[in-house]
Peer 1: 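Structure incoming, see below.
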Amino acid sequence: MSRLQVVSGKGGTGKTTVAAALALALATEGKRTLLVEVEGRQGIAQLFETEALPYEERKIAVAPGGGEVYALAIDPELALLDYLQMFYKMGGAGRALKKLGAIDFATTIAPGLRDVLLTGKACEAVRRKDKSGRFVYDYVVMDAPPTGRITRFLNVNDEVAGLARIGPIHNQAQAVMRVLKSAETAVHMVTLLEEMPVQETADGIAELRAARLPVGRIIVNMVRPEVLDAADLELVRSVPRAAVAKSLSSAGLGGARRGGNAERLVDPLLAQADEYAERHALEHEQRAVLDELGLPVHELPLLAEGMDLAGLYELAGELREQGLS
(Lines give C-alpha, C1' and ligand atoms only; values in the text may rest on other atoms or scores of the structure.)
Protein backbone atom coordinates (compact mmCIF):
# COMPACT_ATOMS: atom_id res chain seq x y z
CA MET A 1 0.00 0.00 0.00
CA SER A 2 1.17 3.54 -0.78
CA ARG A 3 2.15 5.54 2.30
CA LEU A 4 0.12 8.63 1.29
CA GLN A 5 -3.52 7.77 0.71
CA VAL A 6 -5.51 10.66 -0.78
CA VAL A 7 -9.32 10.37 -0.66
CA SER A 8 -11.53 12.49 -2.91
CA GLY A 9 -15.09 12.30 -4.19
CA LYS A 10 -18.13 14.31 -5.17
CA GLY A 11 -19.78 16.22 -2.33
CA GLY A 12 -22.31 14.05 -0.54
CA THR A 13 -20.62 10.73 -1.28
CA GLY A 14 -19.14 10.42 2.20
CA LYS A 15 -15.46 10.89 1.33
CA THR A 16 -14.59 12.10 4.85
CA THR A 17 -16.23 9.01 6.35
CA VAL A 18 -14.32 6.76 3.95
CA ALA A 19 -11.03 8.56 4.69
CA ALA A 20 -11.58 8.08 8.43
CA ALA A 21 -12.48 4.40 8.02
CA LEU A 22 -9.42 3.90 5.80
CA ALA A 23 -7.17 5.48 8.45
CA LEU A 24 -8.56 3.03 11.02
CA ALA A 25 -8.14 0.08 8.66
CA LEU A 26 -4.52 1.00 7.90
CA ALA A 27 -3.71 1.36 11.61
CA THR A 28 -4.62 -2.26 12.30
CA GLU A 29 -2.05 -4.49 14.00
CA GLY A 30 0.10 -1.87 15.61
CA LYS A 31 0.49 0.57 12.72
CA ARG A 32 0.37 4.35 13.18
CA THR A 33 -1.72 6.46 10.81
CA LEU A 34 -2.11 10.22 10.46
CA LEU A 35 -5.50 11.42 9.17
CA VAL A 36 -5.22 14.89 7.63
CA GLU A 37 -8.06 17.34 7.02
CA VAL A 38 -7.47 20.24 4.62
CA GLU A 39 -10.88 21.87 4.15
CA GLY A 40 -11.40 23.32 7.63
CA ARG A 41 -14.78 21.66 8.20
CA GLN A 42 -13.83 19.66 11.32
CA GLY A 43 -15.56 16.62 9.82
CA ILE A 44 -12.98 14.26 11.33
CA ALA A 45 -13.64 15.53 14.85
CA GLN A 46 -17.38 14.97 14.39
CA LEU A 47 -16.90 11.41 13.13
CA PHE A 48 -14.65 10.45 16.02
CA GLU A 49 -16.91 12.27 18.48
CA THR A 50 -14.13 14.45 19.81
CA GLU A 51 -13.52 18.18 20.22
CA ALA A 52 -12.42 20.36 17.30
CA LEU A 53 -8.92 19.51 16.08
CA PRO A 54 -6.19 22.09 16.66
CA TYR A 55 -3.22 22.67 14.37
CA GLU A 56 -1.28 19.82 15.94
CA GLU A 57 -1.17 16.07 15.55
CA ARG A 58 -3.41 14.48 18.15
CA LYS A 59 -4.27 10.83 18.83
CA ILE A 60 -7.98 10.32 18.32
CA ALA A 61 -8.50 6.54 18.10
CA VAL A 62 -7.03 3.12 18.74
CA ALA A 63 -7.44 0.57 15.96
CA PRO A 64 -7.95 -3.19 16.38
CA GLY A 65 -4.63 -4.80 17.28
CA GLY A 66 -3.36 -1.73 19.11
CA GLY A 67 -2.63 0.61 16.22
CA GLU A 68 -3.09 4.34 16.61
CA VAL A 69 -4.85 6.98 14.53
CA TYR A 70 -3.65 10.57 14.84
CA ALA A 71 -5.43 13.50 13.21
CA LEU A 72 -4.40 16.94 12.01
CA ALA A 73 -6.54 19.81 10.72
CA ILE A 74 -4.13 21.88 8.63
CA ASP A 75 -4.52 25.65 8.99
CA PRO A 76 -3.00 27.40 5.93
CA GLU A 77 -1.98 30.47 7.92
CA LEU A 78 -0.14 28.46 10.56
CA ALA A 79 1.35 26.24 7.88
CA LEU A 80 2.75 29.36 6.21
CA LEU A 81 4.31 30.43 9.52
CA ASP A 82 5.96 26.99 9.71
CA TYR A 83 7.18 27.44 6.15
CA LEU A 84 8.64 30.89 6.84
CA GLN A 85 10.44 29.59 9.91
CA MET A 86 11.73 26.47 8.14
CA PHE A 87 13.17 28.20 5.07
CA TYR A 88 13.67 31.82 6.10
CA LYS A 89 14.07 31.62 9.91
CA MET A 90 11.29 34.20 10.27
CA GLY A 91 9.61 32.84 13.40
CA GLY A 92 9.14 36.16 15.24
CA ALA A 93 8.81 38.21 12.07
CA GLY A 94 6.28 35.74 10.71
CA ARG A 95 4.11 36.08 13.80
CA ALA A 96 4.29 39.86 13.43
CA LEU A 97 3.13 39.52 9.82
CA LYS A 98 0.20 37.41 11.00
CA LYS A 99 -0.85 40.14 13.43
CA LEU A 100 -0.78 42.64 10.58
CA GLY A 101 -3.00 40.40 8.47
CA ALA A 102 -0.30 39.72 5.87
CA ILE A 103 -0.48 35.94 6.32
CA ASP A 104 -4.24 35.84 5.75
CA PHE A 105 -3.78 38.13 2.74
CA ALA A 106 -1.13 35.86 1.24
CA THR A 107 -3.06 32.63 1.70
CA THR A 108 -6.23 34.20 0.31
CA ILE A 109 -5.01 35.84 -2.89
CA ALA A 110 -1.64 34.28 -3.77
CA PRO A 111 -2.33 31.84 -6.64
CA GLY A 112 -1.88 28.29 -5.46
CA LEU A 113 -0.07 29.17 -2.24
CA ARG A 114 -2.80 27.78 -0.01
CA ASP A 115 -2.76 24.40 -1.77
CA VAL A 116 1.05 24.31 -1.73
CA LEU A 117 1.00 24.71 2.03
CA LEU A 118 -1.68 22.06 2.54
CA THR A 119 -0.09 19.40 0.32
CA GLY A 120 3.36 20.28 1.58
CA LYS A 121 2.39 19.69 5.21
CA ALA A 122 0.94 16.26 4.37
CA CYS A 123 4.02 15.27 2.38
CA GLU A 124 6.27 16.40 5.22
CA ALA A 125 4.41 13.99 7.52
CA VAL A 126 4.94 11.20 4.97
CA ARG A 127 8.71 11.80 4.88
CA ARG A 128 9.23 12.50 8.60
CA LYS A 129 11.44 10.07 10.53
CA ASP A 130 12.25 9.68 14.22
CA LYS A 131 15.73 9.63 15.77
CA SER A 132 16.15 5.94 14.95
CA GLY A 133 15.50 6.58 11.26
CA ARG A 134 12.04 4.99 11.16
CA PHE A 135 9.05 6.73 9.67
CA VAL A 136 6.95 8.42 12.34
CA TYR A 137 3.76 7.37 10.52
CA ASP A 138 3.26 4.17 8.59
CA TYR A 139 0.51 5.86 6.55
CA VAL A 140 -0.86 9.34 6.01
CA VAL A 141 -4.50 9.57 4.86
CA MET A 142 -5.67 12.89 3.43
CA ASP A 143 -9.33 13.88 3.34
CA ALA A 144 -8.84 15.91 0.17
CA PRO A 145 -11.01 18.45 -1.70
CA PRO A 146 -13.88 17.19 -3.90
CA THR A 147 -13.41 15.57 -7.29
CA GLY A 148 -13.80 18.80 -9.25
CA ARG A 149 -10.77 20.34 -7.50
CA ILE A 150 -8.57 17.37 -6.72
CA THR A 151 -6.25 17.44 -9.76
CA ARG A 152 -5.54 21.15 -9.49
CA PHE A 153 -5.08 20.81 -5.74
CA LEU A 154 -2.47 18.06 -6.09
CA ASN A 155 -0.78 19.47 -9.18
CA VAL A 156 -0.42 23.09 -8.02
CA ASN A 157 3.15 22.51 -6.89
CA ASP A 158 4.14 21.97 -10.53
CA GLU A 159 2.80 25.44 -11.33
CA VAL A 160 4.70 26.99 -8.44
CA ALA A 161 7.88 25.17 -9.41
CA GLY A 162 7.54 26.62 -12.89
CA LEU A 163 7.20 30.16 -11.55
CA ALA A 164 9.97 29.96 -8.96
CA ARG A 165 12.85 28.30 -10.79
CA ILE A 166 15.39 28.54 -7.97
CA GLY A 167 15.41 28.88 -4.21
CA PRO A 168 13.54 27.22 -1.35
CA ILE A 169 10.05 27.62 -2.87
CA HIS A 170 11.20 25.82 -6.02
CA ASN A 171 12.89 23.09 -3.99
CA GLN A 172 9.87 22.63 -1.73
CA ALA A 173 7.51 22.34 -4.70
CA GLN A 174 9.75 19.81 -6.40
CA ALA A 175 10.06 17.74 -3.22
CA VAL A 176 6.27 17.68 -2.80
CA MET A 177 5.69 16.66 -6.41
CA ARG A 178 8.24 13.85 -6.10
CA VAL A 179 6.00 12.38 -3.40
CA LEU A 180 2.68 13.07 -5.10
CA LYS A 181 3.71 11.61 -8.45
CA SER A 182 5.43 8.55 -7.04
CA ALA A 183 4.36 5.09 -5.94
CA GLU A 184 4.26 6.48 -2.40
CA THR A 185 0.91 8.11 -3.26
CA ALA A 186 -2.48 6.73 -4.29
CA VAL A 187 -5.54 8.87 -5.01
CA HIS A 188 -8.79 7.06 -4.27
CA MET A 189 -12.17 8.21 -5.56
CA VAL A 190 -15.37 7.80 -3.52
CA THR A 191 -18.70 7.57 -5.33
CA LEU A 192 -22.28 6.38 -5.06
CA LEU A 193 -24.07 4.11 -7.52
CA GLU A 194 -25.75 7.14 -9.08
CA GLU A 195 -25.25 8.73 -12.47
CA MET A 196 -23.84 12.12 -11.45
CA PRO A 197 -21.28 10.89 -8.87
CA VAL A 198 -20.14 8.11 -11.21
CA GLN A 199 -19.70 10.53 -14.13
CA GLU A 200 -17.78 12.95 -11.91
CA THR A 201 -15.60 10.06 -10.76
CA ALA A 202 -14.84 9.10 -14.36
CA ASP A 203 -14.00 12.72 -15.24
CA GLY A 204 -11.81 13.07 -12.14
CA ILE A 205 -9.87 9.91 -12.92
CA ALA A 206 -9.30 11.10 -16.51
CA GLU A 207 -7.91 14.41 -15.20
CA LEU A 208 -5.64 12.68 -12.69
CA ARG A 209 -4.28 10.38 -15.37
CA ALA A 210 -3.69 13.29 -17.74
CA ALA A 211 -1.70 15.03 -14.98
CA ARG A 212 0.24 11.80 -14.37
CA LEU A 213 -0.97 11.59 -10.79
CA PRO A 214 -1.26 8.06 -9.34
CA VAL A 215 -4.86 6.88 -9.27
CA GLY A 216 -5.60 4.22 -6.65
CA ARG A 217 -9.01 2.63 -6.24
CA ILE A 218 -12.70 3.40 -6.55
CA ILE A 219 -14.71 3.06 -3.36
CA VAL A 220 -18.47 2.85 -3.78
CA ASN A 221 -20.08 4.10 -0.59
CA MET A 222 -23.54 3.59 0.94
CA VAL A 223 -24.45 0.54 -1.15
CA ARG A 224 -27.94 -0.66 -0.31
CA PRO A 225 -28.50 -4.40 0.22
CA GLU A 226 -29.88 -6.51 -2.60
CA VAL A 227 -33.47 -7.40 -1.72
CA LEU A 228 -34.54 -9.09 -4.96
CA ASP A 229 -32.35 -11.14 -7.28
CA ALA A 230 -32.69 -11.35 -11.07
CA ALA A 231 -35.30 -14.14 -10.87
CA ASP A 232 -37.39 -12.13 -8.41
CA LEU A 233 -37.25 -9.05 -10.63
CA GLU A 234 -38.40 -11.06 -13.64
CA LEU A 235 -41.30 -12.40 -11.57
CA VAL A 236 -42.29 -8.85 -10.59
CA ARG A 237 -42.62 -7.93 -14.27
CA SER A 238 -44.81 -10.90 -15.13
CA VAL A 239 -46.89 -11.90 -12.12
CA PRO A 240 -50.67 -11.17 -12.37
CA ARG A 241 -52.21 -8.93 -9.72
CA ALA A 242 -54.65 -11.65 -8.78
CA ALA A 243 -51.80 -14.04 -8.04
CA VAL A 244 -50.16 -11.47 -5.76
CA ALA A 245 -53.42 -10.92 -3.89
CA LYS A 246 -53.88 -14.67 -3.51
CA SER A 247 -50.35 -15.08 -2.14
CA LEU A 248 -50.93 -12.27 0.34
CA SER A 249 -54.17 -13.87 1.44
CA SER A 250 -52.41 -17.22 1.89
CA ALA A 251 -49.88 -15.45 4.09
CA GLY A 252 -52.71 -14.31 6.36
CA LEU A 253 -52.93 -10.71 5.12
CA GLY A 254 -56.70 -10.68 4.45
CA GLY A 255 -59.04 -12.06 1.84
CA ALA A 256 -58.56 -11.67 -1.88
CA ARG A 257 -62.00 -10.06 -2.35
CA ARG A 258 -62.08 -6.47 -3.61
CA GLY A 259 -61.66 -4.10 -0.71
CA GLY A 260 -59.96 -6.76 1.42
CA ASN A 261 -56.63 -6.22 3.09
CA ALA A 262 -54.71 -8.24 0.50
CA GLU A 263 -56.29 -6.37 -2.41
CA ARG A 264 -55.41 -3.03 -0.90
CA LEU A 265 -51.79 -4.11 -0.50
CA VAL A 266 -51.28 -5.25 -4.09
CA ASP A 267 -50.79 -1.89 -5.82
CA PRO A 268 -48.41 -0.38 -3.21
CA LEU A 269 -46.42 -3.62 -3.13
CA LEU A 270 -46.05 -3.80 -6.91
CA ALA A 271 -45.21 -0.09 -7.08
CA GLN A 272 -42.44 -0.58 -4.54
CA ALA A 273 -41.15 -3.58 -6.48
CA ASP A 274 -41.13 -1.54 -9.71
CA GLU A 275 -39.22 1.24 -7.95
CA TYR A 276 -36.67 -1.27 -6.68
CA ALA A 277 -36.32 -2.82 -10.15
CA GLU A 278 -35.65 0.60 -11.67
CA ARG A 279 -33.02 1.41 -9.05
CA HIS A 280 -31.45 -2.03 -9.46
CA ALA A 281 -31.11 -1.50 -13.21
CA LEU A 282 -29.56 1.95 -12.70
CA GLU A 283 -27.04 0.61 -10.20
CA HIS A 284 -26.17 -2.22 -12.59
CA GLU A 285 -25.50 0.34 -15.34
CA GLN A 286 -23.30 2.45 -13.04
CA ARG A 287 -21.30 -0.58 -11.94
CA ALA A 288 -20.61 -1.29 -15.62
CA VAL A 289 -19.36 2.30 -16.09
CA LEU A 290 -17.03 1.95 -13.10
CA ASP A 291 -15.72 -1.41 -14.32
CA GLU A 292 -14.72 0.22 -17.61
CA LEU A 293 -12.37 2.59 -15.77
CA GLY A 294 -9.95 -0.27 -15.21
CA LEU A 295 -9.41 0.23 -11.47
CA PRO A 296 -10.12 -1.97 -8.43
CA VAL A 297 -13.64 -1.27 -7.15
CA HIS A 298 -14.68 -1.76 -3.53
CA GLU A 299 -18.14 -1.40 -2.03
CA LEU A 300 -19.13 -0.24 1.44
CA PRO A 301 -22.64 -0.87 2.78
CA LEU A 302 -25.23 1.68 3.75
CA LEU A 303 -25.46 1.39 7.52
CA ALA A 304 -29.07 1.03 8.60
CA GLU A 305 -28.42 2.64 11.99
CA GLY A 306 -26.67 5.67 10.48
CA MET A 307 -23.07 6.74 10.93
CA ASP A 308 -21.54 6.85 14.40
CA LEU A 309 -18.21 5.77 15.89
CA ALA A 310 -19.27 2.11 15.96
CA GLY A 311 -20.27 2.38 12.30
CA LEU A 312 -16.87 3.86 11.47
CA TYR A 313 -15.15 0.81 12.96
CA GLU A 314 -17.56 -1.42 11.02
CA LEU A 315 -16.60 0.26 7.74
CA ALA A 316 -12.92 -0.06 8.65
CA GLY A 317 -13.48 -3.78 9.07
CA GLU A 318 -15.11 -3.94 5.64
CA LEU A 319 -12.10 -2.20 4.09
CA ARG A 320 -9.70 -4.62 5.77
CA GLU A 321 -11.68 -7.62 4.50
CA GLN A 322 -11.53 -6.17 0.98
CA GLY A 323 -7.75 -5.76 1.09
CA LEU A 324 -7.42 -2.02 1.72
CA SER A 325 -5.04 -2.37 4.65
Side-chain angles (χ1 to χ4, degrees), residues 2-24 26 33-48 50-58 60 69-83 86 103-104 106-128 136-137 139-160 172-173 175-177 179-181 184-190 200 204 207-208 211 213-216 219:
S2 301
R3 296 191 59 251
L4 176 57
Q5 305 275 314
V6 180
V7 180
S8 181
K10 187 180 186 303
T13 59
K15 70 176 179 65
T16 299
T17 299
V18 172
L22 180 58
L24 275 171
L26 291 171
T33 300
L34 176 65
L35 178 58
V36 175
E37 181 176 77
V38 299
E39 295 185 281
R41 295 185 295 107
Q42 290 292 338
I44 292 172
Q46 294 174 31
L47 282 170
F48 285 93
T50 187
E51 60 188 24
L53 298 173
Y55 182 59
E56 63 182 35
E57 293 157 22
R58 171 182 292 179
I60 59 170
V69 176
Y70 285 73
L72 170 66
I74 303 179
D75 183 303
E77 292 185 26
L78 296 177
L80 180 53
L81 289 177
D82 284 350
Y83 182 86
M86 184 181 303
I103 300 297
D104 180 63
T107 56
T108 300
I109 72 164
L113 178 58
R114 179 186 178 91
D115 291 348
V116 171
L117 296 167
L118 296 173
T119 55
K121 187 67 176 178
C123 289
E124 181 276 325
V126 171
R127 298 191 301 262
R128 191 190 314 158
V136 173
Y137 295 106
Y139 300 100
V140 175
V141 179
M142 181 193 292
D143 177 22
T147 316
R149 273 209 331 118
I150 186 61
T151 300
R152 185 175 181 182
F153 173 77
L154 295 176
N155 209 38
V156 71
N157 290 282
D158 261 356
E159 300 176 23
V160 173
Q172 167 76 354
V176 169
M177 290 314 301
V179 174
L180 293 179
K181 289 193 173 183
E184 283 191 284
T185 299
V187 186
H188 307 303
M189 306 298 276
V190 181
E200 194 161 316
E207 290 177 1
L208 289 167
L213 288 161
V215 185
I219 303 173

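None of these values were measured; they are calculated from a predicted model. The analysis underlying the following values was restricted to heavy atoms, covering all of them including side chains, and did not include hydrogens, waters or symmetry mates.
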Peer 1: Is any side-chain heavy atom of Val7 closer than 4.5 Å to a side-chain heavy atom of Met142?
Peer 2: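 The answer is no, as the side chains (C-beta and beyond) never meet within the 4.5 Å cut-off.
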Peer 1: Mind checking ring-ring contact (aromatic ring centres under 6.0 Å, His included) for Tyr137 and listing every partner two or more places apart, or none if nothing turns up?
Peer 2: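 Counting only residues at least two positions away or on another chain, Tyr137 forms a ring-ring contact (aromatic ring centres under 6.0 Å, His included) with Tyr70.
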Peer 1: Give a yes or no on whether the backbone of Gly43 and the side-chain of Glu37 come within a donor-acceptor separation of less than 3.5 Å.
Peer 2: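 Side chain of Glu37 to backbone of Gly43: a pair is present.
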Peer 1: Measure the spacing between OG1 of Thr119 and CG of Leu4 and express it to the nearest 0.5 Å.
Peer 2: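 Separation between the atoms: 10.0 Å.
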Peer 1: Nearest 0.5 Å, what's the CG-NZ distance between Leu154 and Lys181?
Peer 2: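 Here the rounded value is 10.0 Å.
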Peer 1: Thr147 and Gly204: which non-hydrogen atoms are nearest, and at how many Å?
Peer 2: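 So the two residues come closest at CG2-CA, 3.8 Å.
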Peer 1: How would you list, by chain and number, every residue that makes a side chain to side chain donor-acceptor pair (under 3.5 Å) with Thr16, sequence neighbours excluded?
Peer 2: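 Checked Thr16 against side chain to side chain donor-acceptor pair (under 3.5 Å); matches are Arg41, Asp143.
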Peer 1: Would you name the heavy atoms of Ala52 and Ala45 that are closest together and state the gap between them?
Peer 2: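 Smallest heavy-atom distance, with atoms named: CA-CB, 4.1 Å.
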Peer 1: Would Glu39 and Lys15 pass as an ion pair if we require N to O under 4.0 Å?
Peer 2: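 Yes, this pair counts.
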Peer 1: Going through the checks in order, is the side-chain contact (heavy atoms from CB on, under 4.5 Å) test met by Met189 and Leu208?
Peer 2: CA-CA 11 Å; Met189 306 298 276; Leu208 289 167; 4.0 Å; yes
Peer 1: With Val140, which of Leu35, Thr185, Leu34, Val179 fulfils side chain to side chain contact (heavy atoms under 4.5 Å, CB included)?
Peer 2: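 The single option meeting the side chain to side chain contact (heavy atoms under 4.5 Å, CB included) with Val140 is Leu34.
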Peer 1: With sequence neighbours excluded, tell me which residues meet side chain to side chain donor-acceptor pair (under 3.5 Å) with Arg128.
Peer 2: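 Partners of Arg128 under the side chain to side chain donor-acceptor pair (under 3.5 Å) test: Glu57, Glu124.
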Peer 1: Could you tell me which non-hydrogen atom of Tyr55 sits nearest to which non-hydrogen atom of Ala73, and how far apart they are?
Peer 2: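 In this case the closest contact between Tyr55 and Ala73 is CD1-O, 3.6 Å.
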Peer 1: Decide yes or no on side-chain contact (heavy atoms from CB on, under 4.5 Å) for Lys121 and Leu72, but give the supporting numbers first.
Peer 2: CA-CA 10 Å; Lys121 187 67 176 178; Leu72 170 66; 4.2 Å; yes
Peer 1: Between CG of Leu53 and CD1 of Ile60, what distance do you get to the nearest 0.5 Å?
Peer 2: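 Answer for the CG-CD1 pair, Leu53 versus Ile60, is 6.0 Å.
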Peer 1: To the nearest 0.5 Å, what is the distance between OG1 on Thr50 and CZ on Arg58?
Peer 2: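 So the OG1 of Thr50 and the CZ of Arg58 are separated by 6.5 Å.
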Peer 1: For Val141 and Ala19, work out which heavy atoms get closest and say how close.
Peer 2: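 Of all heavy-atom pairs spanning Val141 and Ala19, the closest is CG1-O, 3.6 Å.
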Peer 1: Any chance you could measure Arg127, atom CZ, to Arg3, atom CZ, to the nearest 0.5 Å?
Peer 2: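 It comes to 10.5 Å.
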Peer 1: In the structure I gave you, are the side-chain heavy atoms of His188 and Leu22 within less than 4.5 Å of one another anywhere?
Peer 2: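 When only atoms from C-beta onward are counted, Leu22 and His188 do touch, with a gap below 4.5 Å.
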Peer 1: If you take all heavy atoms of Ala122 and Ile74, which pair is closest and at what distance?
Peer 2: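 Closest pair (atom of Ala122, atom of Ile74, distance): N-CD1, 4.3 Å.
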Peer 1: Return the minimal non-hydrogen interatomic distance between Pro214 and Leu180, and the atom names on each side.
Peer 2: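 Looks like CD-O, 2.9 Å.
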